[in-house]
Amino acid sequence: MENPLVLFPQLNISASKDKSYYKVMKSTIKEEPHKGSKPGAKQKRNRLSLLLQKPEFHEGDQLGKPGNLAKIASVSPEEAVKWGESFDKLLSEKAGLDAFTKFLKTEFSEENIEFWMACEDYKKSKTAHELLPKAKEIYETFIQKDAPKEVNLDFQTKEATSRNIEQAIITTFDAAQNTVYRLMEQDSYPRFLRSDPYLNLVKGRNPNRPTLRRRSRSFTINDFQGVRPDFTAW
């Protein structure tokens, strides 16, 4: 019988071509993901770096810093009790202001105290030249419609404040600041005085240290000496 490769030589040629084609395709398939993986990883690193640069990514960092928490934790019970005397007393002390601001952040209403502090800083301006840029910044941040930290003001107060922006004076935000002050005094301040962090400060407890439960006393054999079992309970 003759050799089939002699009768059909094209089979051998085709097979060799298939093998060569397979080797080329195999190397191509291996190389393509490898080439594409580098830009993908680079893009991920770029997106992560951009995310870390965004201010909102670090928005809550100030609350978690040990230094800020230590200031509140170091307040004596006597100092904390004074905060309950009046809302003005609370805001007049740095530690009290920090504690109240931290509390408002838990209620997502920190824009009120931030607006109040911005107004206090505004009134410290030494020259009339400083008032206009500060006034516009406060207005655009807290008062104008859809402002990023818009505070809750009645229509008349908001309109009167808006009209005074172009001719800013020291008293431009007095009405708006007083409105927000009363809102915090009547609404947020009583809840702050009932909050666990404040009550822990009054009692002299560290608000950042978990409360440890006292371990129950273990029974010993002596506790059961002379005790007869009561089978009627069964």
What residues, two or more places apart in sequence or in another chain, satisfy side-chain contact (heavy atoms from CB on, under 4.5 Å) together with Asp146?
none
Taking only residues two or more places apart in sequence, or in another chain, which ones meet Glu137 in a side-chain contact (heavy atoms from CB on, under 4.5 Å)?
Thr141
The complete set of salt bridge (Lys or Arg N to Asp or Glu O under 4.0 Å) pairs with one or both residues in residues 170-186, sequence neighbours excluded, reads none
With sequence neighbours left out, the residues meeting salt bridge (charged side-chain N to carboxylate O under 4.0 Å, His left out) with Glu111 are none
Donor-acceptor pairs under 3.5 angstrom involving side-chain atoms of residues 161-172: please list them, not counting sequence neighbours.
unit_1	atom_1	unit_2	atom_2	d
Thr161	OG1	Thr157	O	2.8
Ser162	OG	Tyr139	OH	3.4
Ser162	OG	Lys158	O	2.8
Asn164	ND2	Ala160	O	3.1
Thr172	OG1	Ile169	N	2.8
Thr172	OG1	Ile169	O	2.8

For Glu107, give me all partners under side-chain hydrogen bond (donor to acceptor under 3.5 Å, both in side chains), at least two apart in sequence or on another chain.
Arg191
Residues in side-chain hydrogen bond (donor to acceptor under 3.5 Å, both in side chains) with Glu159, at least two apart?
none
Listed by chain and number, what are the side-chain hydrogen bond (donor to acceptor under 3.5 Å, both in side chains) partners of Thr106, not counting sequence neighbours?
none
Looking at residues at least two apart in the chain, or sitting in another chain, which of them share a side-chain hydrogen bond (donor to acceptor under 3.5 Å, both in side chains) with Glu120?
Lys123, Gln177
Residues that Phe192 engages under ring pair (Phe, Tyr, Trp, His ring centres under 6.0 Å), provided they are two or more places apart:
Phe100, Phe103, Tyr198
List the residues meeting salt bridge (charged side-chain N to carboxylate O under 4.0 Å, His left out) with Asp121, not counting sequence neighbours, and say none if there are none.
Lys134
For Phe173, the ring pair (Phe, Tyr, Trp, His ring centres under 6.0 Å) test, sequence neighbours excluded, returns Tyr122
